[in-house]
Amino acid sequence: MARLGWVSLSPALAPPGSVEGLELNTFPSLEALLEQPQGCDVVVLDGPPEAMGTAARRLRADHRYQLGLIYTSRAGDPWCAALCDGELPGDGAAIATAWQQWQERQPLFNRGQAPEGVDQSLLCWLWQRPGAAIQPVRDPGHAQIYRYPLVEAITADERLNSDGWLRQKEQENLLEGGDLIDRIRQCPACSSSRLNYVDVCPECHGLDIVRQPSLHCFVCGHVAPQQNFLKGDALVCPNCLSQLRHIGSDYDRPLENYRCRGCGAFFVDADVDVRCLDCCDVNQPNDLRVREIRSFRLSEAGALACRQGLGDNGAIGSYFRRLKLMDRGDFLKALDWQMAIARRYGKSSGSAIAALLGVRIENIEQLFVDVGEARATAMLEGLLERLQQIIRDTDRCMRGREDTLWLLLPHTSARGLDRVRERLQEGLERIQSSAGAAELSLKFVGCVLPEQIQDDENAALMLARLAGDLR
Amino acid sequence: MEPVLEQALNLPLLLEQLRGEDGLALLLLQLFPLFLVVELPLTLVVVLGVLRWWIREQTLPPRRSLYRPRVSCLITCYSEGADVRKTLETLCEQTYPGEIELIPVVDGAAANQHTLAAVRGFELREEWRRTRRVRPIAKWQRGGRVSSLNAGLSMSTGSIVMALDGDTSFDNTMVSAMVRHFEDPNVPAVAGSLRIRNTWTSLATALQAVEYLISIQMAKTGLSEWNLVNNISGAFGAFRREIIEQLGGWDTHSAEDLDITLRIKSYFGRHRQLRIPFEPRAIGHTDGPTSMVGLLKQRLRWDGDLLFLYARKHSGSIAPRLMGWPNFLMTVISGLFIQVVLPFIIVGYTAITAITLPWPTVLALSVLVYVVYLVVLSLQFLLMLLLVSERPQQDVRLIPILPLFPIAMLLIRCWSAVAILNELWRRSHEESSMAPWWVLRRATRF
């Protein structure tokens, strides 16, 4: 029976007498819960929204409650939404079911090893909650406006830059960006978003500018500030001395003029400077760093990595490292280069410059469902081993999606490409014969440079075209 | 022609001749100068007033005052569309340093969406924001001009309230020129001057331009000197807030402008120090009807309403006890006689002359009448150009129109007779386009 910790954050709120199917422990404060040597399996926070948010932050910072289920008794503030598992799902039975699912998923993480370090803790938190995301929270008091409370709480000891960490994991393909929540501008010097946009004189960049309405006399064409026209109650042109009575027939206001009180300059449009309120750095709006605020989910590759192990032993990352795996940008550069070589020398050299091969495992999700985790992992490993044997030192690989691999094979003709394909297919058959009935189905697409390059195509376009054929 | 004029000055001889065989014809001939006997003194009153005003203007030192009350401009809008923006812009452009509150009231806003959109889309420039406010009112159901004015009055906060038309734009010194008069606590209201904005659109508008200059700008300047202003124009008038509230706002009928003028004037008998000045330096520019038919339709309404006001609604209040003698006489002569009775005399006289006299005599007589009127008109116009007009260079271009003006006026006067008969028999004020029937039906019948 799971231990349920019910924390009352306000003296006015009485905890329930019992919760069916769970061992209820009530605590009058968060401290009382944290002092307990024996942690609770599920925690329920009961109190005002802000108090629940603060308590959730402290709980997630405590290593015993970093990953566990934390519910709130009522709708909380955005901090609660980012840190907790939502409102109580229902009665004791519903909590018990959620706890059971949570428990069942834990041994599947990283081949049953307990998460170590910040990276694994955060990945594990996501792993334990399929579909969950690391959510940002708007905090106007914070220099960067948006914070990721979960990352901050779990990495509290290490003083990690949560945004930097998330981006790094995104580059490692473990996390993927979710919904775009906001786009903010940051000071390029200190990354603060507390910026002040001021209109300044375009000549001296002085702040002291005033709007100066001007008039245009229709009689003589004189243009001057309105003050120069005002004689008592009437408007009189200082140049031709005619009285201007009616806008539209005697005069108009052609210009929206500004005047700098510092240098005396007249101008139509003021410049805009951005002053950082934190570091006093002055920038142009175009020089600001633009940051997109997103939630982050576990990517398909990340999910696979969590399942197959994150450490060096058998980690998918190390498989790929052995496959001379490149990130997308480098791979595209290399492919662009090969395409450029193919275009220039392809006709004259007589031999093939390079070939591109796309391999997609069509049924990877189905495979895990059909044959179970261990079998499927073994089959994948076999396939990767086979790949490793085929790949030469000069070949380069890139992962597209979780189930797609791209191979750039220099000095490979159409025949060579077919050969690679055949050998992979042979290896696959061998794996399948040992694995029994289940089938790992591969789909290939190939392109030989320079013969099959289309006009005006670059590496990204070519990959997109071939990826379409793989679907 | 000479003997006729000589005879006119010799009264005993005249009476003797009237007893003769050609008595009737002679009587008719003598009747003509009688018009001059009534009209000339009136013109004289105006001319003397203008001279007095001009001398005062020239000799008074420039005034500087810190009197800057908040002014609320109630702008009645109906189907003017984008023209309303021009009105709002010219009001924002006022050089008046005090606060001006613009309250455009869109009547029948559900049907007049384009006017409503124009009003709502109007944005204050940065430099106006400190002293100008725009507070539009949308009256979804149509209620007429009076209901717009009263709705605007209830929402306004200024101590001076101006009733303005949505199709009238203003010179930028208008508000300061009008407000100046209210510094005198004995001024309950000020009349503003109107000019025709679309002067050169057609002959009809050019003729109206001359008419407005002579009968509004010049005539009211002169009358104002003797505190005899006959009407505070509906398109352009300013009122002290207390007086309007005292009067209970504008009253449901057509010609609400003349109505409120007469109601204010009925205090004049008891409060002799009260006066309604006319400000010739506060100019509003309004669009006149562009076709002759349009003009006649407008006058059918105006002149019919005049009889309704004088003879039906305010017959009791036109008394020396209420208005004081000068205004009583003025209303009787210029209002009742010239505007109501004279058209019939002119029509009757013209008809009888045409029937009884041989046509060469009729022609000669007509030429004489025409010449006399043209001479008087030219003198008035000259005086207006030299003394009153603030845009003499612009107005001088109207001189070629002057020869046509007496003919047009004759036509309009004859038309007045039709308008008055229309009101007498058909109660035309009850079919006014200024308010819908469901409002007029509820109004008190006179």
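Within every chain, numbering begins at 1; the chains are lettered A, B, ... in the order of the sequence lines, protein sequences first and strands thereafter. Just so it is clear, the structure is predicted and the values come from calculations on it, not from any experiment. Both backbone and side-chain heavy atoms feed into the values below; hydrogens, waters and symmetry mates do not.
With sequence neighbours left out, B:D184 forms a salt bridge (charged side-chain N to carboxylate O under 4.0 Å, His left out) with B:R275. With sequence neighbours excluded, the residues that form a side chain to side chain donor-acceptor pair (under 3.5 Å) with A:S73 are A:D46. Looking at residues two or more places apart in sequence or on another chain, you find a salt bridge (charged side-chain N to carboxylate O under 4.0 Å, His left out) between B:R241 and B:E245.
A side-chain donor-acceptor contact under 3.5 Å links B:N172 to the backbone of A:L244. Between the side chain of B:T95 and the backbone N or O of A:D233 there is at least one donor-acceptor pair closer than 3.5 Å. Between the A:R245 side chain and the B:R391 main chain, no donor and acceptor come within less than 3.5 Å of each other.
Remark: A:S249 OG to B:Q394 CD distance equals 8.0 Å, nearest 0.5 Å. In this structure, CZ on A:R211 lies 8.5 Å from CZ on B:R125, to the nearest 0.5 angstrom. The CD atom of B:E89 lies 9.0 Å from the CG atom of A:D252; values are rounded to the nearest 0.5 Å.
Dense packing is recorded around CZ of B:R56, with more than 12 heavy atoms of other residues, nucleotides or ligands lying under 6.0 Å away. In the displayed structure, A:R74 atom CZ is contacted under 6.0 Å by more than 12 heavy atoms of other residues, nucleotides or ligands. Summarising the local packing, CD of B:E123 is surrounded by 12 or fewer heavy atoms from other residues, nucleotides or ligands at distances under 6.0 Å.
If you measure heavy-atom distances from B:Q94 to chain A, you find no contacts under 4.5 Å at all. Neither the backbone nor the side chain of B:Y96 comes within contact range of chain A, judged by heavy atoms closer than 4.5 Å. For chain B, the nearby part of A:Y251 is the side chain; its heavy atoms alone come within less than 4.5 Å.
When every heavy atom of A:R253 is checked against every heavy atom of B:W128, the shortest pair comes out as NH2-NE1, 4.1 Å.
Residues from residues 78-86 of chain A never place a non-hydrogen atom less than 4.5 Å from a non-hydrogen atom of chain B.
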